[in-house]
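Down below is the structure, laid out as structure tokens.
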Amino acid sequence: MNAASWSLLALALAGCGSAPDAASTSQIARGERVFRRCTACHTIGRYAGDTDGPNLYGVLGGPVGERRPRFAYTAGLKALGGTWDAARMDQWLANPRRMVPGTTMAFAGLADSKDRADVIAYLATQRP
């Protein structure tokens, strides 16, 4: 069982939330596996630093292009503005260069919409 699953279980047992159903738990686990590709450039720990890409802990719901003050976001990403919600993250994960021309993110994207949905489900568990 991964850390995210333990956290959800602990919250459910403490009465602070509802336990995830089996389908969402397996989607989160699949998302964590797919996310391993991202760890070539990104960290996701609460207190982890930035590497070639920004730390992605708490990215969903956070501002685009300014969430990590010490990370040098591209002008295109800064100009995009707004917040990272599931729809915007899906578009980004599908093809970052199409969404933000001039981005320095080398990742070509995730073509499979199920992989993107799984990664987004995992990212949603990685926040305070």
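The model shown is predicted, which means the values in this text are computed figures rather than measured ones.
- Annotation for Gly82 and Arg88: closest pair CA-NH1, 3.4 Å, computed over non-hydrogen atoms.
- In this structure a side-chain-to-backbone donor-acceptor pair under 3.5 Å is present from Arg97 to Ala106.
- Asp50 contributes a side-chain N or O that, together with a main-chain N or O of Asn55, makes up a donor-acceptor pair within less than 3.5 Å.
- The distance from atom CG of Leu77 to atom CZ of Phe71, rounded to the nearest 0.5 Å, is 9.0 Å.
- Distance alone, capped at 3.5 Å, is enough to place a donor-acceptor pair between the Tyr73 side chain and the Arg68 backbone.
- Of all heavy-atom pairs spanning Tyr57 and Arg67, the tightest one is O-NH1, 3.0 Å.
- Here the rule is side-chain contact (heavy atoms from CB on, under 4.5 Å) with Val34, and of Glu32, Arg37, Arg36 only Arg37 fits it.
- Between the CG atom in Asp85 and the CG atom in Asp90 there is a gap of 10.0 Å [rounded to 0.5 Å].
- Looking at every heavy atom in both residues, His42 comes nearest to Thr51 through N-OG1, 3.8 Å.
- The heavy-atom pair separating Pro96 from Ala108 by the smallest distance is CD-O, 3.8 Å.
- In this structure, CZ on Arg98 lies 8.5 Å from CD on Gln91, to the nearest 0.5 angstrom.
- Between the Thr43 side chain and the Gly49 main chain, a donor and an acceptor come within less than 3.5 Å of each other.
- Minimum interatomic distance between Phe35 and Ile44 (heavy atoms only, all atoms of both residues): CZ-CD1, 3.8 Å.
- Here the straight-line distance linking atom CD1 of Ile28 with atom CZ of Arg33 works out to 12.0 Å at 0.5 Å rounding.
- Rounding to the nearest 0.5 Å gives a distance of 10.0 Å between CG of Leu80 and OG1 of Thr103.
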For this session: Go through Met105 and Thr74 one step at a time and tell me if the side-chain contact (heavy atoms from CB on, under 4.5 Å) criterion holds.
Result: CA-CA 9 Å; Met105 186 158 153; Thr74 60; over 6 Å; no
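- Here the CG-OG distance, from Asp118 to Ser113, works out to 9.5 Å after rounding to the nearest 0.5 Å.
- Minimum interatomic distance between Ile120 and Leu60 (heavy atoms only, all atoms of both residues): O-CD1, 3.5 Å.
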